[in-house]
Structure formats: structure tokens, C-alpha cells
Amino acid sequence: MLTLLIGIIVVVGACYLGFVFYQRRTIKMATSIYENKRDLNKIPLDDEFALAKKMNLTGESHKKYDQLYNKYQHYKNQMLPSIDEGIEAVKEDGKGINFLKTKSDWQAANKAISDADSTLKDIQAGLAQLYDLNKQHKLALDELDKKYKRLREDILNKNQSFGPSIDNLEKMLSDIEGTFDEFTQLTKSGDPNSAEEVLSDLNTATDKLESYMDRIPKLYELISKEFVEQVDEIESGYNELKQKQYNFPNDQFVKTIKGIRDQLKVNTKKLENLEIDSVEKATQNIADRIDQMYDAIDKEFKARPDVEKHTKVIGEYIDHVRKQNGDLQLRLETLNKSYVLNHQEIENNHQYDQQISTIEKKYQNEVQQMKDGEAVFSTIQTDQKQMMKDLSQIESEQKALFQAAIKLPKQENAARSALAGFDLEMRNKKRRIDNHNLPGLSDAYQDAFAAVIREINHLDNAMNQPQIDMDDISKQLIIIQSDMDTLEEKTSQLIDDAVLAEQTIQYANRFISTNSEIAAASKTAQMYFDQKYDYEQSLSIISKALEKQSSGVFTKIKDDYFNSKKRSKSDNVVEEDQ
């Protein structure tokens, strides 16, 4: 029983403490809402509305002021009382234990305060905009007033530099000043919103006028003076050059000069009507056409001295190349009697002659044009550069052809010397073979020897023709030299095999009475030597048998032979040097 009583007391105590905590929390929530509301009262909008009212706003600006004021009255008369009711609701809820309703009322009150704060800031921003516009417009009045005075002074003081544009510039300034008066009236009457629209148009028109006043003097100077003087100068220079027999390719000077003068009149009228962009585009076109005429005159003026200087040089160059081609023709005709010309030397020489004739014909035509006063010197200058290039190319090819032609006799002499050398070398080979008193020569060797003899005879026959074909002879020389080298290898091999076979058989004869195998090999080797003339096979048979009997014996015989041969060659060289 006591325990139950204690439990009840504890529960009741806890509930009481919870209720006390809840009430304190509710009071704290209500206090925070009240503090937030106090922040709203810190913005002195009553004073700001009073100041705005003194601006004597009218028109659109006054309508905006009324909208802001009505919004402020709604804030004071409806939003603030609603906030107070919310605060009271939170306080009342705090006396009970409806936690959910207390929190809902607290959130609603805070939301109302946030909406009120946003409304106040919107109102304040709107009033600030009215102040700023009013302030900006007053500053703009001062700046524009200074600018218009300066523009008016420029138009009065520099009116001659504007040429035919002056009347429309003054009218444009007058229209702008009328708009400025409207802007001034709207600003002073307190309608900054309407004044802002006028100010935008005013700034656009003013910028346009300033741009025209900056661009027109230069354009007027160009079309009224500079271009006129340049066209007059070009016309005078053109007429003077024509009298001195200068000519121009596709001559359009008279037409172009007339076209530019007509265009200058049109642009003067456009300048009067302030069609500035069109005039600027046209002046660039005129400037380009004038530059082209100056360039054309300068090109012809500079070309003439160069043409006159090179005319004589080219004439002499043509004569030189033609004479050289004639000399080359005679040389080729002479060579053609003794040699076959396989590389179109005659045809190339004739082609050079045709090319020279073509160049000479064009050269003579242009010389005649200069005599008749019909020459276009820039065109002739280009032609002369090409003529010099073509003549130089012809001369270079003539020299190359001449050098190739004069080599033919030298090549013939070299070929005859080579032929004599081949003949002597073949005689020496035969003598070397004969000196060894061999029983005979193999069919293969004799065929190779005879083939080289036939080649030499064929070369000798070709060298004794009325017309020598040096290309064919050069090919024969290469073939014969290659076959001679091969035959030399075969000859040396034949002699070496024969001598070694003979020496080895003689050495092996020491053993024929005691060694039947060597006796048989010696007999076979002697048969190949004496009857078949196959000295290589003879040497192979006897050397293998001898090596089998006594290893190293054949190697010594071979080494002694080649050492002796080497010493013999060295002795012959010494005797020849002496």
C-alpha cells in the first residue's frame, strides 16, 4: 500500500514538472515571436513615405507610389494585427496541454512575420527605386545639358567640315533638344518612370548624332577633296603617259574615272541625307579603285626602263643561242657520219631550233609594238622574264648535248684500247697454257675460250663499221670483260690442277711397288690426265689416295706449289718495275 502511494506521488510529481516545463517553453516561444515582431518595427517606412510624397510624383511614378502605399496600409492594418493574434494564441495555448495546437499556432505566427518582413522589403525597394530614378534623372539632366551645349558649339564652329550634312545635323540636334525638354519636364514634374522611357530614346538619338558628327568630317574630306584630287592626278598622269606611248592592259581608265566622279556626286547627296553607313561603304570601294589605278600606272612606269634595258640583252641572247645551236648541228652531223646517235640528238637539236624561232618571233613582235607605240610594258616585262628563263634552259640543254656528243671519240679510243687489251690477254692465256706442255684441254674449257674469242671478233667487227654504235660497243665491253674474268679464273684453276696433279702423281710413284691401292689410283689419275684432260679429277683421285697412305703429304705438296707460284709473281713484278 505504501509502495502504491509512493508511486502515485512520483507520477503526479513528474506530470507537474512536465507541465511546468511545457509552460516555460511556451512562454519562450511566445517571447521569440514577439522579438521577431519588434524587428519589423525597426524599418521607418512612415518617414520614407513622407519623403517620397514631397517628391511631387505624377503619372506612372505616382501610380507606383500609390501601389506601394496601399501595400503598406495592408501591412499595418491587416498583417500586423494578424501577427498579434497569433502571439496571443500561442500564449493561450500555453495555459493548457494541447502541444500540437501550440506548435501549429507558433509556426503560423512565424510564417506571418516572415511574410510581413518580405512585404516590408518589397515596399522599401520600390521606394528606393523611385529615389534612385529621381536622382539619376537629375544627374542625367546636368550631363545632357552640358553635352547638348557642346554639340551645338561644335556644329556652329565646325559647320564647314560637315559639308552638305549640316542642315540635317542641325535638325537632328533640334529634335533631340525637343525630346530633352520633354525629359526635363517629366523629371521636374515628378514622373521618373515616364522620364526613364524618354531618357532611353534620348540617349540613343544623342549617341547617333555624336557618331555622325565624328564620322562625317572625314568622309566629307574624302569625297569633296582627297578623292577629287587623286582622280584629277590619275587622269593627268594617265594622259601624260599615253602621250609618251605608254599603254595599259584592258585599259578602263576613262570609264573608271568617270564612274568614280559620278559616284562622288551620289555620295555627296547621301551625305546630305545622313546615309553615313552607305557612304562609308562606297568610299572604301572608291579608295580600292583609285589604288588599283595608281598601281597600274606605277606598274607600267616601272616596267618600261626594265623592258628597254633587257630588250637588247634578249636579242643578243637569242643570237647567241641560235649560233650555238647551229654549231651543235654541224658537230652532230659530223659525228653522225662516224657514230650511231641513239639518244635523239638530231631531233633534240631541231627542237631547240623551233623553240628559239618561237621565242624570236614573239620577241620581234614586241619590239615592233614598242616602235609603233602600242607596247604594254608590264606584259612585255613578264614575257621577257619567261624568255630569259626559256633561253637559259635551252642553252643548258645544248651544253649537256654537246658534252655527251664530244665524248664519243674518246669512248671509241677507250674501246679500241680495251679491244687490243683483250686480244693481248687472250694470247697470253694461250701462251701460259702452251708453256705447260699439257696433253690437251677439256671440251668445256675450249668452248669457253672460243666463246670469248668470238665476242672479241664481234667487237672488232663492230668497231670497224662505217657508223659505230657506242652504246652497243659499251655493252659488249662489259660482257667481254665479265667473260674474260671468268675465263681467267678457269685458266688459273686448270693450270693449278694440272701442275699439282702431275707433281702428286710423280710423288705417289714412290709407293706403287709397295702399295697396290696407290698404284691403282696413280694409274687412274694418269688416265684422266693423259686421255680425258680432266686435271681436276686426276688431282682429286691421286691426292685422296696419297693422303690415305700418309696424312699431310698432299697438303705440303700444295703449299710448296702455291708458295713457289707466289714468289715467281713477285719476281716478275720486280723485273717489270726495273
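Heavy atoms only: backbone and side chains are in, while hydrogens, waters and symmetry mates are out.
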Contact summary for Lys429 and Phe449, nearest pair of heavy atoms: CB-CE1, 4.1 Å
Shortest non-hydrogen separation from Gln245 to Gly373 and the atoms involved: CD-CA, 3.7 Å
Heavy-atom pair with the smallest gap, counting every atom of Glu280 and Thr283: O-OG1, 2.7 Å
Glu360 side chain near Ile314 side chain, heavy-atom distance below 4.5 Å: no
Thr311 side chain to Val307 backbone, donor-acceptor under 3.5 Å: yes
Criterion side-chain contact (heavy atoms from CB on, under 4.5 Å) against Gln503, the qualifying member of Leu539, Ile542, Ile557: Ile557
Spatial distance of atom CD1 (Ile433) from atom OG1 (Thr491) [nearest 0.5 Å]: 5.0 Å
Exam field: side chain Glu547 to backbone Phe554, donor-acceptor pair closer than 3.5 Å: yes
Any side-chain donor near an acceptor of the partner, Gln284 and Asp288, under 3.5 Å: yes
Smallest separation among heavy atoms of Ser378 and Lys299, with atom names: CB-CE, 3.7 Å
Cation-pi geometry met for Arg304 and Tyr246 (6.0 Å, 45°): yes
CD (Glu517) with more than 12 external heavy atoms under 6.0 Å: no
Residue Lys242 excluded, over 12 heavy atoms near NZ under 6.0 Å: yes
Under 3.5 Å: donor-acceptor pair, side chain of Asp534, backbone of Ser442: no
Side-chain (Ser417) to main-chain (Asn413) donor-acceptor, under 3.5 angstrom: yes
Check against side-chain contact (heavy atoms from CB on, under 4.5 Å), Asp471 and Val340: CA-CA 8 Å; Asp471 285 350; Val340 176; over 6 Å; no
Candidate pair His320 and Leu391, rule side-chain contact (heavy atoms from CB on, under 4.5 Å), full reasoning: CA-CA 10 Å; His320 163 72; Leu391 289 169; over 6 Å; no
Heavy atoms of other groups near Phe301 CZ, more than 12 under 6.0 Å: no
Whether Asn457 side chain and Ile453 backbone form a donor-acceptor pair below 3.5 Å: yes
Polar side-chain atom of Gln446 near backbone of Leu441 as donor-acceptor pair, under 3.5 Å: yes
Backbone of Leu330 reached by a side-chain donor or acceptor of Thr334 within 3.5 Å: yes
Euclidean distance, Glu235 CD relative to Lys258 NZ, rounded to 0.5 Å: 12.0 Å
Minimal non-hydrogen separation, Tyr535 against Pro439, with atom names: OH-CD, 3.3 Å
Residues Met484, Glu488; criterion side-chain contact (heavy atoms from CB on, under 4.5 Å); working and verdict: CA-CA 6 Å; Met484 288 282 288; Glu488 174 61 24; over 6 Å; no
Donor-acceptor under 3.5 Å (Asn325 side chain, Asn349 main chain): yes
Phe248 and Tyr238 aromatic ring geometry - parallel, tilted or perpendicular at 30°/60° bounds: tilted
Close side-chain approach of Phe227 and Ile290, heavy atoms under 4.5 Å: yes
Nearest non-hydrogen partners of Leu477 and Ala415, listed with the distance: CD1-CB, 3.8 Å
Side-chain donor-acceptor pair present, Asn239, Gln243, cut-off under 3.5 Å: no
Side-chain donor-acceptor pair present, Gln364, Gln368, cut-off under 3.5 Å: no
Gln344 versus Asn348, side-chain donor and acceptor atoms under 3.5 Å: no
Worked verdict on Gln230 versus Glu226 for side-chain contact (heavy atoms from CB on, under 4.5 Å): CA-CA 6 Å; Gln230 288 176 345; Glu226 188 172 327; 3.7 Å; yes
Residues Gln476, Asp472; criterion side chain to side chain donor-acceptor pair (under 3.5 Å); working and verdict: CA-CA 6 Å; Gln476 289 188 53; Asp472 179 60; 2.7 Å; yes
Residues, nucleotides or ligands: over 12 heavy atoms within 6.0 Å of Arg331 CZ: no
NE2 (His458) with more than 12 external heavy atoms under 6.0 Å: no
Between Glu502 and Ser538: side-chain donor-acceptor atoms closer than 3.5 Å: no
Check: Glu345 side chain, Leu401 main-chain N or O, donor-acceptor pair, under 3.5 Å: no
Sidechain-backbone polar pair: Asn435 side chain, Arg431 backbone, donor-acceptor under 3.5 Å: yes
